[in-house]
Structures are given as structure tokens and as C-alpha cells.
There are 2 protein chains.
Amino acid sequence: MAIPGTANETPSHVPRATASMVASRAGVSVATVSLVASGKTDGRVSAETVARVQRAISDLNYVVNRVASSLATGSSNFVILIAPDISNSFFARLIAGVRESLGSSYQLLLSVTDSGQMPRAESVRELLAFRPAGLLVDAPSEQLMQSMSIDGPIVLLDAPGAKGILPAVNLDVVHGAEALATHLAERGHRTFAYLDSVTATSTFALRRTAFLAKAQECGMRQTEHIRARSTIDTGSAAAEFGKVWPAWQAAGVTVVVCATDTHAYGVLQTAHSLGIRVPEQLAVAGFDDLPFSAMSHPSLTSVELPARKLGRAAASLLVALIEGRVPEAELPILPSRLIIRDSTGVHN
Amino acid sequence: MAIPGTANETPSHVPRATASMVASRAGVSVATVSLVASGKTDGRVSAETVARVQRAISDLNYVVNRVASSLATGSSNFVILIAPDISNSFFARLIAGVRESLGSSYQLLLSVTDSGQMPRAESVRELLAFRPAGLLVDAPSEQLMQSMSIDGPIVLLDAPGAKGILPAVNLDVVHGAEALATHLAERGHRTFAYLDSVTATSTFALRRTAFLAKAQECGMRQTEHIRARSTIDTGSAAAEFGKVWPAWQAAGVTVVVCATDTHAYGVLQTAHSLGIRVPEQLAVAGFDDLPFSAMSHPSLTSVELPARKLGRAAASLLVALIEGRVPEAELPILPSRLIIRDSTGVHN
DNA sequence: CTGAAAGCGCTTACAG
DNA sequence: CTGAAAGCGCTTACAG
């Protein structure tokens, strides 16, 4: 079979039209073509000329070469969002929010880091080499924040450690984590375990420390074997939980708190296959409140994080920076909310 | 609070270093800087000069401006993947596969269409204006395939209708869909309903038609109210199922087949809240075999689609096209596989 | 209202 | 081994 568009079929690559081709077809200069193509004709180009150029543009299927115009103007119209893990509906909502604020003025392009990896300073530099109008970096590590030099509009998302280093929009993870600790203490839990993410993202550090602090304040205790880690992946979390459960059980653990709902799903899965009853024998909770958490078995108690608002706020701050406007002095901190469901249901 | 890096703090934007700044610091020409920066020095630049230029490069933190080099060479080193819906672990695997084939030679950037939308021809053109090295388009509509002009390396993924129009890598959805129909017929089902995606993606059309054909061949029948649609979203699917269930029930439907597992989760959710027992009263099945399908309640029967392999095959074809190599004549069709779980468990 | 020309920051023959 | 120069396709003052 001949593959369409490849060498074994004579591709017939029509060379892309340039402004000068349009110019000669319309009988004008490239300067005029540029004006027409970018809609800057008001009081500068006669209506008749505009019409003639537009005809030539559509005849030739001309599209302005963004590479050339970026170079000429020193600016571009796309924004890159660097995200550590995209296989998560948290991101779908985040992206939707970013889109809302970006509107039609900027194209959004995503750069996804490899699974379980953090965005690296090196890849940020490579991306910057494309000269995006701005950069959004989700959940960067402390290290990345330190090593990033400010040379262009950039906004961090969900980067609680960014204070004073770079502009950032954050979630109020702390209140949600505290509400969770209080809730568990009220249900009578005394010994908990924490299943963390392997990445050194500061949002995860904050989720953990905020929960731990409040839990201790409420009289809950941790044992030596209190903490385990896995990548943000149901399978890995399930395996990790299976490995540490014997030690946790021996230590009297009655509730496992997970860095993300995705981790929690893994715990539910292994608990189910080991015959551990949830929530009677073991309570489980997570962060994110992914849509699936309402329908897992049992449904999952989770700290809801306002992903869409986060995206919206971050992108609108970025646009302000790009356009040289001074953003409102106070950056919003978006509230989190505890959603109580069956996985922490009984135990009193 | 002063926002770091913004106008209210005197940003101190260090202007980015250019090749000519490096050149004057190292006491060489920009041509030589270019050679050193791109590693083309073999037998062309003396070791001593190379070292001197490299010092200047690191002193000034110089990074080649990709915009300028793209314009100069007429080519870039990034690939854009256009995807209709990313909030789905199918994509995490697809992307991982694409990455594997792209290696370190090309940067991958994703462009996500709005939820429930198909990639539009217009946005493809806008993206092309950035002059990527190549384009990957996942699950395009028939219409998009028709209207896309071949002017650069492009590969479609999961586009069964692309035959002969553009190069594409496809999944063998048909066998999986047929296996599902056979399985359901063996379980004694006679009347089925189909919950489809709203988008006009050809992969969804193929899933449906392949299933329908085989189901009829096996003696199953459809009623007038056989088909419903929703976006690829658990909540919408749940709502849609709730709306059509009375009609389906009246028609004697005993099994609902869904275009994606995400749809199926919605059906499970509504079934649960309506007190419909799955699988005793209603069997449910989907396509994709997302990780969650192994742990939903009940676990979900699904047609597994090899996302990672799809990504790998598509990207390696694209790289071949970019580099002007003639790809193997025969494009692989990647096999699908029926995974039978509890949601179609009994009923005999 | 329109065009000639400089310049964005690179790369690549071409001379030397 | 090294540099001067042209050119990639635009945009934007500047003249007219």
C-alpha cells in the first residue's frame, strides 16, 4: 500500500504561500499585505486595496508565518503550560480554566513531563527557547523554583513554596487538609498512615504536613511506618499499599490518607482484594475529588481542589504580566473543601 | 504584597543573550558561535576556539533562539499532537508511546481541543503557522480529514476513515467490538442499547458499527430507542442514561454497550442510584480498558485498546516522514482485546 | 494611502 | 580554521 503524503506517492507538497507571493498577485507591497493580514488597516489602507489583498490571501491560502512574525516583533501569541501529570481529570478542569482566561488571544500548548517526573529546569529553558508569550508551570519542585531565572512572563500554579520568588497562584490546601484531620479524629481514628506521591512537588509536601500537624493537634498519632510513597498511578499505589499494609496493620492503623485520589483508588483496590473492609476496618481518604470518587466502591472522602478556578486565576495573572499590566496586589488563594463520603463513613 | 517578577517590583529582566553578544565576548564571529552552539565543529573550528566560545555561552547563559533558527533553516524540532480529550488515562499512555518514538530529537507539545469538541481545520492551520516539524492528530473527524491539505509531515491516529487520504495509524477496533458482541450473545443477551459519544470521530463510528453488525449477526436485536449520546464525561453519561433508561427498559434492553469506559462509569453510577443491579438486571461494557475499569463496582468488561503502541507507531511514522525516509510500506494495525469482568458476569 | 528599507537572530554556502 | 554576507518571512517606523 502506498502511504499517502509520503515519498512513495509523490507528495505534491504545494509550497506554502508567502507574503511576497500574495503581494505580487495583488499588485501591492509586502508591507501592505502584512497590514491587511494582521487587520491593521484602519485609515491606513484603502478599502479597495484591502479587498484585493484579501482575495489574493484566500486564493493562495496564505497564512502568516508565526515564526517570522515572532522574530520580527519579538513576541509570540502562544502560552506553554508545563504539567507533571496529565492523566488526571484535575488537569482537564485546570486546562479548561486556563482556556477561559486566555480567550482567543493566545494559543495554549502543553508540555507534559514524563510520568512520575517533575518539570526540569533544563526543559523549561528549552521551552523558553521557543519564545512563548508566557509560561505556566504547574506544581514545580522547590529546586526548580530556585533555579528558574525570571526572563519572561511566568506564573506558577499550585506552588506553595514560591512565595517571593516567582508569581504564583495557590490553592488553600491547608484548610482542606485540616478539615480532613478533624473529621477523622471525630470519627474516632487514632492511628493513621499516609500514602504520599514520590515527586518532590511542594503541593504534596504541603498536603502532608498540613494534615500531619492538625492530626497531631487532634490527638492522632503516627507510627514509625507511617509513610509510604508511589507514583500518581492506581497500579503503583495498589502495589505499594499491599507492601506496607502488614506493617501498618500491626501498628494499629485505622485510616490511610492519600496524596491524591488516584493513590486512594489503588488502596481501595488492594483493600478489596485482601478482603479488608472499607470503611469498617480501614478508612481511606484522598485529595482532588476526581469525578470517579463519587462512584468508587465505597465512594471516596476527598479534599476538593478548585482546579478550574486555579487555571483561570493563573492564566489571567499571566495575561496581565504579558501585557505589562500591574495585576491586583493580592493574589487570590483558592479555597479547598472537604467532601465526606462512604470511605470514612462509620468508625465511631 | 509585591508580586515578584511584575511591574510593582522592578523586574530586572535581564535581556536574553544573543549570538552576537556571545561572539563579541569570545572574540569570534557569530558564524562561529552558531557552529559551536549547534555542535557542528568537527574539523571546522579549533578546539581552543570551541572552548572559548563555550565559556562565553555559559557565562552569558546563552540559549539559541529557536524562533530565529527555525526561520533560518526552515525547520523546527517540535511536534504538535492535537487531541480531542486529554482527561483520560488513554492519553497518558498514548503520550508515553509518542515520547518513546520521538526520543530527544523532538519536543512534544500538545494542543487540546475544548471538551466535547473535535479538532477543527482552522485550529490545525493556526498550529501549522508555528511551523512544527510535524503534526499528530488524534481521532479526527471525517470532515477534518477531508479539509486538511497536505503541507507538511502529518500522521493521524485512530482515524479509520483516513484510508488513502493521509497517513494514519489505526487500532483494530473491529475485532474487539466483535468479540464483545459474541461474548454478550453467548451470555444470552438479546436486546442491547448503545451509549455513544457525541463527537463525529470516526473511531467511535467504527466501534458502534462493528459492534452492531456482529451483534445482529449473532441474533441480537436493536429497538428504535437503541441509541443515546453524551460527551466523554462521567456526569453527562450518567445523566443521559438516566433519561433514556425508562424507554430502554420498556424495550427489554438487558445490556448497554458504551463508546468509552468513561461513559460506562456514568451508566454504572446511575444504575447504582436507581437500584438497577449490574450485571444481574443490566450488563454494561465499554471500550478503552482504563485502569479504573478493574476496580469499579462492579468491575467493567471492556475492549482494551493499545494506546501506548498506537502512540509509538504513529510517532515513529511521523519521524520517518519528517526525515524524508520512506516508511515501511505496510502500516501496522494494532490489535484490540476483550477483557471480560463482572459487569457482564452472569445472565445466561 | 502606499512602498522601500532596516532589522529581528539565526544558519549556511562561499571566500579567504 | 574563520569571517563577511546573504537570506529565512515577517513588521514597523519612515518617506513620500
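Chain letters run A, B, ... following the sequence lines, proteins first, then strands; residues in each count from 1. Reckoned from all heavy atoms, side chains included, excluding hydrogens, waters and symmetry mates.
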Quiz prompt | Nearest to side-chain heavy atoms of A:A72, which nucleotide of C:dT11, D:dG3, C:dG7 | solution = C:dG7
Exercise. Give the nucleotide from the list D:dC10, C:dC1, C:dC10 with an atom nearest to the side chain of B:T18.
Key: C:dC10
Quiz item: For B:V63 and B:R44, take the nucleotide of DNA chain C holding the closest heavy atom to each; which residue's nucleotide lies nearer the 5' end?
Solution: B:V63
Self-check item: Per A:Y62 side chain, nearest of listed nucleotides C:dT11, D:dC10, C:dT2
Solution: D:dC10
Quiz item: Rounded to the nearest Å, what distance is computed from the CG atom of residue A:D42 to the C1' atom of nucleotide C:dC1?
Solution: 13 Å
Quiz item: Where the side chain of B:S46 is concerned, which of C:dG7, C:dT11, D:dC1 is the nearest nucleotide?
Solution: D:dC1
Quiz prompt | Distance, rounded to the nearest Å, where A:L35 contributes CG and C:dA4 contributes P | solution = 14 Å
Quiz item: Can you tell me if B:R66 uses its side chain to pair, donor with acceptor, with the backbone of A:A129 under 3.5 Å?
Solution: no
Quiz item: Within the structure shown, what part of the strands sits under 4.0 Å from A:A31 by heavy-atom distance: base, sugar-phosphate, or nothing?
Solution: base
Self-check item: For atom CZ of A:R16 and atom C1' of D:dC10, their distance in whole Å
Solution: 15 Å
Quiz prompt | Counterpart base for C:dA4, defined by Watson-Crick or G-U wobble contacts under 3.5 Å | solution = none
Self-check item: Distance in angstrom units between A:E48 CD and C:dC1 C1', rounded
Solution: 11 Å
Quiz item: Just how far, in rounded Å, is P of D:dT11 from CG of A:N65?
Solution: 9 Å
Quiz item: Counting N and O atoms only, with roles assigned by atom type, does the side chain of B:S111 sit under 3.5 Å from a partner on the main chain of A:L109, one being a donor and the other an acceptor?
Solution: no
Exercise. Indicate, with a heavy-atom threshold strictly under 4.0 Å, whether A:V33 touches base, sugar-phosphate, or nothing.
Key: nothing
Self-check item: Nearest listed nucleotide, side chain of B:S69, among D:dT11, D:dG3, C:dT11
Solution: C:dT11
